Amino acid sequence: MQHWLLKTEPDVFSYADLVRLGSSAWDGVRNYQARNHLRQMQLGDLCLIYHSSTNPPGVAGIAKVVETAHPDPSQFDPDSPYHDPKSTLEQPRWVQVRLEPVRALVFLELSVLRAEPELEAMLILRKGNRLSVTPVEKKHFERILELGKEQKLSA
DNA sequence: GCCAACGTTGGC
DNA sequence: GCCAACGTTGGC
């Protein structure tokens with residue numbers, strides 16, 4: 001099993017939205033490297049759902065892959081912001097996976113992740129990293145789970 | 001195949 | 001809103 005980190009802008013789609021829907025396609029990925037990562041995902045792989053372009057950014061929860069990569073319908077839809085005129089039904093360029101929520105974490109702010117020496121090598125923390133789908137090492141994933149489990153002492 | 005120009009991402 | 005970093009585009 002592999003682990004991943006998926007970025008999303010919570011104003012567009014948040015971890016809470018995934019919980020509310022019970023399951024959702026992860027669509028709209030329009031970067032080749034990110035798409036290749038989507039293609040590698042297997043059933044049951046676990047994903048950190050990361051909220052970007054928000055204050056503060058951070059990891060909100062865990063989701064699992066319940067359907068592997070298949071063509072993303074939004075690429076064929078002229079009315080979709082994700083429409084790709086160069087994509088054809090015969091040769092689709094972009095894929096999506098389907099996710100289900102596993103559990104929410106105590107929201108782990110980016111600044112907290114940066115402060116963790118054990119997470120220093122994580123891709124998401126690297127300067128200039130813009131990839132929306134990245135693999136996560138098992139040890140990093142587990143460390144984040146631990147951090148996200150910790151309850152605050154006062155309300 | 002190079003690379004300048006442009007668009008996008010995303011933290012701050 | 002700024003701007004650094006990165007990806008994509010397109011002329012040559």
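Everything quoted here is computed from the prediction, not taken from an experiment.
- Residue contacts shown for A/L110 are limited to sugar-phosphate atoms, with no base heavy atom under 4.0 Å away.
- Salt bridge status for A/D72 with A/R35: absent, with no side-chain N to carboxylate O gap under 4.0 Å.
- Following rounding to the nearest Å, A/K86 (NZ) and C/dT8 (P) show an atom-to-atom distance of 11 Å.
- Here the nucleotide nearest the side chain of A/P57, chosen from C/dT8, C/dG7, B/dG11, is B/dG11.
- Of the side-chain N and O atoms in A/K7, none sit less than 4.0 angstrom from OP1 or OP2 of B/dT9.
- The aromatic ring centroids of A/Y50 and A/W4 lie 6.0 Å or more from each other.
- Following rounding to the nearest Å, A/N129 (CG) and C/dC6 (P) show an atom-to-atom distance of 9 Å.
- B/dC12 atom P lies 16 Å from atom CZ of A/R130, rounded to whole Å.
- Salt-bridge check for A/E146 with A/K149: failed, with every basic side-chain N at 4.0 Å or more from each acidic carboxylate O.
- Residue A/R126 contributes atom CZ, which lies 18 Å from atom C1' of B/dG10 at whole-angstrom precision.
- We find that CG of A/D84 is positioned 18 Å from P of C/dG7, with the value rounded to whole Å.
- A donor-acceptor pair shorter than 3.5 Å can be found between the side chains of A/D17 and A/S14.
- Nucleotide B/dT9 holds its C1' atom 11 Å from the CG atom of A/L131, rounded to whole Å.
- In this structure, A/Y50 reaches the B/dG11 phosphate: one of its side-chain N or O atoms is under 4.0 Å from OP1 or OP2.
- When the P atom of C/dG7 is taken as reference, atom CG of A/N36 falls 13 Å away, rounded to whole Å.
- If you measure from atom CG of A/N55 to atom C1' of B/dT9, you get 16 Å, rounded to the nearest angstrom.
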